[in-house]
Amino acid sequence: MSALAVTRFAPSPTGHLHVGGARTALFNWALAQRLGGHFLLRIEDTDQARNSRDAVRGILDDLAWLGIHWQEGPQHDGVGGDPRGVGPFFQSERLARYDAAIAQLIEKDLAYPAFDTPDELEALRKRASAEKRAFRYLRDARWDRAAALARMASEPHVVRLRAPDETIVVSDQILGEVAFGPEQIDDFVLRKRDGFPTYHLAVVVDDEAMGVTHVLRGPEHLNNTPKHIALQRALGYGSPIYAHIPLIQNADGSKLSKRDKDKAARALAQRAFADDATQRARADAALDPKRLAAWLGDTKSQLETREIDALERALGLDLPSVTVEDFRHAGYLPETVTNYLALLGWNPGEKLADGRDREQFSMDDLAAKFSLARVGRGNAKFDRAKLLAFSQEALAALPDAEWLARWRVWCERYAAEVATSGADPQRVLADPARALVFAASMKSRCATLAAASAPNGPGRFALVADGAFAYEPQAVAKFLAKGEPSGFALLERVRGGIEAIAPFAPAAIEAAVAAFCAANGVGMGKVAQPLRVALTGSAASPPLGETLALLGRAAVLARIDRCLREARPH
RNA sequence: GUCCCCAUCGUCUAGAGGCCUAGGACUCGGCCCUUUCAAGGCCGUAACACGGGUUCGAAUCCCGUUGGGGACGCCA
């Protein structure tokens, strides 16, 4: 036995990583780092009907972006590799090993071929359900081993484990000892009709072959664990250390994975179809029309993650975030996502000097402090508001230049028109000093990177052309039209002073406007609000100095002129 | 239906028999700051599911009830 601790994350490639999977990966990663071992990534692509290579790429991207780097696994952007020679890491490339294990079991009469058809089994299950009892596969008492083995060569069959008639105790690092009686471990399938191994067989064979020492996984696997232990015993393997982590749920207590998004997608898609006949054709082109129709007709059915993604893209839907990619798109920092996710079920148990609990920590902190002893046992509901608060805080704590760099990267990926052209090209981004003012100004006003340029976002005014924003009627009425002197009048007067401000930077601008107010015997608000409306269309904007500096002198004058021309009643 | 797991403010949680008049964070409400919007500061509302034990003493241990969740696939 090697002393190296090895944990693993073993997703099946059916779409982008969702946050539950991301947390499982994160905990596995953290445990391996903490123990000085390896975190291994294995792709469980044994379901021929549902796999896709695109999904593999997506999951690798998601993990890499989060900073969950695997020491062993598929190569991707400089991450991964096979230092111990335990690969390949795609189960579809390991079929010979599974067959060898199965042959060994059949040889010892610990597994056997079964020839029931799926329809026959389905009928038995229905009957069991009608009689309100649990379905259990019963092996044929009048079993002729030689005859069965002979039939294997020519007839479709599955291979089942001859399950032991004993109680199996799972020793779980989080839940303690959990006992499963013999009636709960039936002769489950090891190899499917199509020759591919089932999850159970593949997992057990691979974990052994790859030297996995700690299996940390979701609670839905707890009931599978006695099966895996039974299989390990049959194959003469030892068992890894098991730990089942609690589930992440939606606010309503349902499973987080997809239901939320699926529900929203159905509602939005139906509305889109009703509004615009061409949308349906677009959706049909994006995914299997039959699947789409079935899904629309049955509110209990769910689309696969990749189907949802395709539909979202095709129709331009705005769906709630459940995948890592969703949160990346929404403008969260990866360290914010991992920080929040880690806190769902784990916490460092430290108090800060001011008496608060430590809730903010880095990936390095996690790697240094993570332990199974501090993982909770109750399910956790995913609280978007708290994530948003974390994001707000993390963004505000970034140095201006860092914020700017992160924002640029986000824009390039998700809002290319902001990063590159814009209606008034490069107004903010081309001038380094102005760009830093933008960063400083947005930091405390944006909970996500996406918020800065959002349609009603606080930075929008600086990113659009001088003529491309509308004046809010109430703001015009309240701050420009009213009063004596009116806002319009003050605007005209202050315009002249603006020509003279030097340098055209926040402090000098503030000072000049303050001086103008003093000279004219009016309060700051009497001048600042009309200026805001003229420059941004709205009465809410960053501090006056920043607002003007962000636009630059020429744009400020142009916008004042436009406002006087277009917003003033004549 | 059967099996398994879980149970502290609305949410995430601290709490490993006396330190608990139950602490922190998010949300929500109020106040302060203020040229707007934010940010920031201060204050506040709010929980040990219920019933039995054990113990000098229980949020903490045991049993039951209730509630929630998961699993019962030739999916993983």
Side-chain angles (χ1 to χ4, degrees), chain A residues 10-12 14 44-47 49-50 114 116-118 121-122 125 128-136 156-160 170 172 174-175 178-181 183-184 186 188-194 196 198-200 202-203 218-226 244 246-247 249 251 253-255 340 343-347 349-352 354-360 373 376-390 392-393 396 441-446 458 475 479 510 513-514 517 523-529 531-533 536 538-544 547:
Chain A
S12 65
T14 56
E44 309 223 322
D45 54 349
T46 56
D47 183 348
R50 296 204 303 174
D116 321 80
T117 67
L121 291 173
E122 179 60 24
R125 277 197 192 92
S129 155
E131 291 168 10
K132 293 200 180 291
R133 57 183 171 78
F135 170 77
R136 198 159 171 264
H157 63 278
V158 301
V159 176
R160 290 178 180 268
V170 175
D172 187 284
I174 293 169
L175 300 171
V178 186
F180 294 85
E183 72 286 352
Q184 285 180 74
D186 68 357
F188 59 92
V189 173
L190 302 176
R191 187 169 61 202
K192 304 179 252 185
R193 250 171 205 254
D194 64 6
F196 274 65
T198 60
Y199 160 74
H200 304 297
V203 147
E220 67 274 20
H221 289 297
L222 180 59
N223 294 294
N224 291 329
T225 307
H244 292 88
L247 202 69
Q249 303 172 308
S254 63
K255 200 168 170 175
Y340 178 71
L343 230 30
L344 252 27
W346 180 84
N347 73 82
E350 293 173 357
K351 289 259 186 252
L352 266 14
D354 62 4
R356 296 169 189 232
D357 294 346
R358 174 180 292 286
E359 289 199 322
Q360 255 102 35
R377 288 181 297 179
N379 293 343
K381 296 191 176 74
F382 193 89
D383 183 356
R384 287 160 203 287
K386 185 151 178 166
L387 204 218
L388 200 63
F390 271 38
Q392 158 93 262
E393 211 172 317
S441 180
M442 291 304 112
K443 273 189 351 181
S444 65
R445 261 167 274 267
C446 295
F479 296 113
E510 291 278 351
V513 176
C517 290
M524 267 301 259
K526 286 293 285 179
V527 177
Q529 291 312 89
L531 269 172
R532 285 200 164 84
V533 179
T536 73
S538 141
S541 87
L544 209 55
T547 299

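Source: prediction; values computed, not measured. Chain naming here is simple, since letters A, B, ... match the order of the sequence lines and numbering starts at 1 in each.
The side chain of A:T46 places no N or O atom within less than 4.0 Å of a non-bridging phosphate oxygen (OP1 or OP2) of B:C75. Not one side-chain nitrogen or oxygen of A:R125 sits closer than 4.0 Å to the OP1 or OP2 atom of B:C72.
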Using a 4.0 Å heavy-atom cut-off to protein, can you give one letter per nucleotide of nucleotides 6-16 of chain B, 5' to 3': B if the base is in contact, S if only the sugar-phosphate is, - if neither? S----BBSSS-

Would you give a per-nucleotide map of nucleotides 32-51 of chain B, 5' to 3', where B means the base has a protein non-hydrogen atom under 4.0 Å away, S means only the sugar-phosphate does, and - means neither? ---BBBBS------------

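Which of B:C74, B:G70, B:A76 sits closest to the side chain of A:H200 comes down to B:A76. Considering only the side chain of A:L121, B:C74 comes nearest among B:U27, B:C75, B:C74.
Across all strands shown, B:A59 has no partner, as no Watson-Crick or G-U wobble contact with both distances under 3.5 Å is found.
With both ends at atom P, the span from B:U34 to B:G10 equals 37 Å, rounded to whole Å. Using C1' as the reference atom, B:G73 and B:U60 are 41 Å apart when rounded to the nearest Å.
Across all strands shown, A:F135 has heavy atoms under 4.0 Å from sugar-phosphate atoms exclusively, and none from any base. No engagement by A:H244 is indicated, since no non-hydrogen atom pair under 4.0 Å with the nucleic acid exists. Using a 4.0 Å heavy-atom criterion, one finds that A:T536 contacts no nucleic acid atom at all. Counting any heavy atom pair closer than 4.0 Å across all strands shown, A:V158 reaches a base atom.
Where A:D47 and A:L387 each meet RNA chain B at their nearest nucleotide, the meeting point lying more 5' is that of A:L387. Both A:A179 and A:N224 lie near RNA chain B, and the one whose nearest nucleotide falls closer to the 5' end is A:A179.
With sequence neighbours left out, A:N223 forms a side-chain contact (heavy atoms from CB on, under 4.5 Å) with A:F180.
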